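Below is one structure, written out as structure tokens; the observations come after it.
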Amino acid sequence: MDQRPKKVLLTLIGLFVLLVVWQRFAGITAAPSWVLLSGLGIVFSGFMWWKTSRSEKEEDDRWIEQEGRVFIRRMEEEREKKRASS
């Protein structure tokens, strides 16, 4: 099953709960809504940056490992050619 719909649903539920709690205690915080939304945007941007950088690093590691295997295979082939010619 695809995990994306679950994540979207959980995110929407979390935002709903956050908005309900915020509405309940709005008199206590007395912060403008644009300030809170800007803060949430900054936190979300940071999370997405972290998630993207982690996935890019994993992709780079896979590529480096694959290229390393190709290089080692070529070295072994050259070694076998040298052994066969001598």
Side-chain angles (χ1 to χ4, degrees):
M1 184 175 163
D2 191 16
Q3 294 295 324
R4 189 169 180 94
K6 275 186 179 178
K7 288 181 182 180
V8 170
L9 182 62
L10 289 175
T11 302
L12 290 174
I13 291 171
L15 285 174
F16 177 74
V17 169
L18 180 69
L19 288 174
V20 167
V21 169
W22 177 39
Q23 183 181 14
R24 173 86 171 132
F25 299 107
I28 296 171
T29 59
S33 60
W34 66 269
V35 172
L36 295 175
L37 290 176
S38 297
L40 287 174
I42 291 169
V43 169
F44 179 73
S45 295
F47 172 73
M48 291 305 292
W49 170 82
W50 174 75
K51 184 178 172 182
T52 303
S53 65
R54 189 178 68 178
S55 67
E56 285 179 355
K57 183 183 181 321
E58 290 172 358
E59 184 178 331
D60 286 345
D61 289 345
R62 278 194 302 264
W63 184 81
I64 289 169
E65 187 174 331
Q66 178 183 358
E67 291 299 314
R69 279 191 233 124
V70 169
F71 182 74
I72 289 173
R73 186 174 50 231
R74 288 180 186 164
M75 283 177 33
E76 290 171 351
E77 289 172 1
E78 288 294 322
R79 193 176 299 148
E80 290 299 321
K81 286 180 184 178
K82 288 181 182 178
R83 286 181 188 166
S85 66
S86 45

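Note that the structure is predicted; figures quoted are calculated from it, not measured.
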**Prompt:** Okay, side chain of Thr52, backbone of Trp49: is any donor-acceptor separation there less than 3.5 Å?
**Reply:** no

**Message:** Counting neighbours of CD on Glu58 that are heavy atoms of other residues, nucleotides or ligands and sit closer than 6.0 Å, is the number greater than 12?
**Reply:** yes

**Message:** Using 0.5 Å steps for rounding, measure from the CD atom of Glu59 to the CD atom of Glu56.
**Reply:** 7.5 Å

**Asked** Given the rule that I, L, V, M, F, W and Y join up when any side-chain heavy atoms are under 4.5 Å apart, are Met48 and Trp50 in one cluster?
**Response** yes

**Asked** After noting the C-alpha distance and the side-chain angles of Glu77 and Lys81, does the key distance pass the salt bridge (charged side-chain N to carboxylate O under 4.0 Å, His left out) rule?
**Response** CA-CA 6 Å; Glu77 289 172 1; Lys81 286 180 184 178; 5.8 Å; no

**Message:** With rounding to the nearest 0.5 angstrom, report the CZ to OG1 distance, Phe44 to Thr11.
**Reply:** 8.0 Å

**Request:** Using the salt bridge (charged side-chain N to carboxylate O under 4.0 Å, His left out) rule, take Glu65 and Arg62 through it: C-alpha gap first, then chi angles, then the decisive distance, then the call.
**Result:** CA-CA 5 Å; Glu65 187 174 331; Arg62 278 194 302 264; over 6 Å; no

**Message:** Suppose clustering is done on Ile, Leu, Val, Met, Phe, Trp and Tyr with side-chain heavy atoms closer than 4.5 Å. Which residues sit in the same group as Ile64?
**Reply:** Trp63

**Prompt:** Can a salt bridge be assigned to the pair Glu76 and Arg73 using a cut-off of 4.0 Å between side-chain N and carboxylate O?
**Reply:** no

**Request:** Indicate yes or no: does Glu78 engage Arg74 in a salt bridge with an N to O separation below 4.0 Å.
**Result:** no

